[in-house]
J.: 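Supplied in structure tokens, the structure appears directly below.
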Protein chains: 2
Amino acid sequence: MNMTAITPDIFQAVADPNRRTLLDLLLDGPRPVQELGAHFDISLAAISQHLKVLLEAGLVSREARGKYRYYHAEPAALQQVHDWTEQYREFWEDRLDRLGGYLDQQANSDTETET
Amino acid sequence: MNMTAITPDIFQAVADPNRRTLLDLLLDGPRPVQELGAHFDISLAAISQHLKVLLEAGLVSREARGKYRYYHAEPAALQQVHDWTEQYREFWEDRLDRLGGYLDQQANSDTETET
DNA sequence: CATTCATTTAAGTTATTACTTAAATGTTTT
DNA sequence: AAAACATTTAAGTAATAACTTAAATGAATG
């Protein structure tokens, strides 16, 4: 049940919005760096650095085709994140399922929920 | 459902392993800070700071009971993370479903997959 | 084979993060 | 009301992150 110890880099890797966008772009298929970079306002060196983080986390792989490096999404690596959130699923579904939302009411009256 | 809500990055919040452990602990039920802190080797001030990050991300709420503050897991906030990984699910399942794992083989032969 | 093109690595800067200890706040107990 | 307890906030530090520009590597092309 304790998923915290496994490959901590994946959560870290996916924490950056630019890296998530990179993964999203790669869902459409393998792309070379320059093409990925065209979607961002940062240098290609920065893109390359982000891709390195994703690579080391196992979230992408790279394939050399001539002078281009095609990056491939490796979605299987995301199962770890998925599985961790999955254990919470029954809780949020449980809560939403209760007609009349008794629990929510109680939570809202008892709870500060400050920012 | 409510995507307008200010969401001080949930992905960021769950990137830290101590914060994930905090959430995991809270799955068993609301807990005051000192009790959560007992599971870690860091100061209570640090725990409190982590809880603040989780609070601002909407991942926990707090309820004042006397001199204690009970923190509650707010699992619904994790749907956002879950949903994002969900779009990758069909891809990893697709891949794993292929008997003989043709694609995996090809990926392994074509691909550098360096660290 | 020298140049160009694609990408990576190096080196430096700035902002943020995860912690620490000490002081501040608020609550309960005596 | 003072002392004890639970938690938060403040202030400081060291490590890391996300970027930058410039130089290095490596493949393709003229």
Side-chain angles (χ1 to χ4, degrees), chain A residues 4-5 7-23 25-26 29-57 59-73 110-115, chain B residues 7-26 29-57 59-72 110-115:
Chain A
T4 41
T7 325
D9 346 324
I10 297 232
F11 285 90
Q12 207 24 281
V14 132
D16 183 90
N18 283 339
R19 285 195 291 265
R20 286 200 302 280
T21 302
L22 282 168
L23 284 173
L25 288 168
L26 290 174
R31 296 276 185 279
V33 181
Q34 42 155 40
E35 208 176 313
L36 294 168
H39 295 83
F40 300 86
D41 222 25
I42 59 179
S43 70
L44 283 176
I47 298 294
S48 182
Q49 287 157 14
H50 279 309
L51 288 167
K52 190 184 184 189
V53 173
L54 293 171
L55 191 65
E56 284 169 357
L59 287 158
V60 302
S61 58
R62 55 141 99 113
E63 170 204 1
R65 273 196 229 166
K67 59 180 169 180
Y68 304 93
R69 319 273 247 199
Y70 278 76
Y71 281 83
H72 298 246
D110 283 0
T111 296
E112 305 171 50
T113 319
E114 303 141 48
T115 12
Chain B
T7 306
D9 207 353
I10 297 216
F11 285 90
Q12 259 292 10
V14 299
D16 182 89
N18 282 339
R19 285 196 290 265
R20 286 199 303 281
T21 301
L22 281 168
L23 284 173
D24 288 339
L25 288 169
L26 290 174
R31 296 275 186 280
V33 181
Q34 41 156 34
E35 207 177 312
L36 293 168
H39 294 83
F40 300 86
D41 223 24
I42 60 178
S43 71
L44 283 176
I47 299 295
S48 181
Q49 286 157 15
H50 280 310
L51 288 167
K52 190 184 184 189
V53 173
L54 293 171
L55 191 64
E56 283 170 358
L59 287 159
V60 303
S61 57
R62 53 139 97 115
E63 169 203 2
R65 274 196 227 165
K67 60 180 169 180
Y68 303 94
R69 319 272 250 207
Y70 279 75
Y71 281 84
H72 298 245
D110 281 1
T111 297
E112 303 172 52
T113 319
E114 303 141 50
T115 14

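Proteins come first, then strands; the chains are lettered A, B, ... in the order of their sequence lines, and each starts at number 1.
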J.: Taking only the side-chain nitrogens and oxygens of A:Tyr68, find out if one of them lies under 4.0 Å from OP1 or OP2 of C:dT8.
T.: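 No, outside the criterion.
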J.: Report the distance from atom CG of A:Asp16 to atom P of C:dT16, rounded to the nearest whole Å.
T.: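 Atom-to-atom, A:Asp16 to C:dT16, this comes out as 13 Å.
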J.: Rounded to the nearest Å, what distance is computed from the CG atom of residue B:Leu54 to the C1' atom of nucleotide C:dT17?
T.: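 It is 14 Å, rounded to the nearest whole Å.
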J.: What is the distance, rounded to the nearest whole Å, between atom CZ of B:Arg31 and atom P of D:dA6?
T.: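 Whole-Å distance recorded here is 16 Å.
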J.: State which of D:dC19, C:dT17, C:dT9 makes the closest approach to the side chain of B:Gln12.
T.: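 Among D:dC19, C:dT17, C:dT9, the one nearest the side chain of B:Gln12 is C:dT17.
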J.: With side chains defined as the heavy atoms from C-beta onward, is the minimum distance between B:Leu22 and B:Tyr71 less than 4.5 Å?
T.: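 A side-chain contact under 4.5 Å is absent here.
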J.: For D:dT7, does either OP1 or OP2 sit under 4.0 Å from a side-chain N or O belonging to B:Arg62?
T.: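 B:Arg62 to D:dT7 OP1/OP2: no side-chain N or O under 4.0 Å.
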J.: Using atom CD1 of B:Ile47 as one end and atom C1' of D:dT8 as the other, report the distance to the nearest whole Å.
T.: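 Answer to the nearest Å: 13 Å.
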J.: Whole angstroms only, please: what is the OH-P distance between B:Tyr71 and D:dA6?
T.: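 It is 15 Å, rounded to the nearest whole Å.
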J.: What integer distance in Å separates B:Leu36:CG from D:dT8:P?
T.: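 Value for this atom pair: 10 Å.
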J.: So what does B:Tyr70 hit on the nucleic acid, given a heavy-atom distance under 4.0 Å: a base, only sugar-phosphate, or nothing?
T.: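 Counting heavy atoms under 4.0 Å across all strands, no contact is made by B:Tyr70.
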J.: Identify which nucleotide among D:dT7, D:dT9, D:dA18 has an atom closest to any side-chain atom of A:Arg19, counting heavy atoms from C-beta outward.
T.: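 Selected nucleotide (nearest to the side chain): D:dA18.
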J.: Below 3.5 Å is the cut-off: list the nitrogen or oxygen pairs between protein and nucleotides 14-16 of chain D, distance only.
T.:
none

J.: Please pick, from C:dT7, D:dT9, C:dC19, the nucleotide with the shortest atom-to-atom distance to any side-chain atom of A:Val33.
T.: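 The nucleotide sitting nearest to the side chain is C:dT7.
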J.: C:dT27 phosphate, OP1 or OP2: any side-chain N/O from B:Arg69 under 4.0 angstrom?
T.: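 Checking B:Arg69 against C:dT27: no side-chain N or O falls below 4.0 Å of OP1 or OP2.
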J.: Enumerate all atom pairs, one protein N or O and one N or O from nucleotides 20-28 of chain D, separated by less than 3.5 Å.
T.:
from   : atom 1 : to      : atom 2 : distance (Å)
D:dT20 : OP2    : A:Ser43 : N      : 2.9
D:dT20 : OP2    : A:Ser43 : OG     : 2.8
D:dT20 : O4     : A:Gln49 : NE2    : 3.0

J.: When you check the phosphate oxygens OP1 and OP2 of C:dT17, does a side-chain N or O of B:His50 lie under 4.0 Å from one of them?
T.: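 For C:dT17, OP1/OP2 do not have a side-chain N/O of B:His50 under 4.0 Å.
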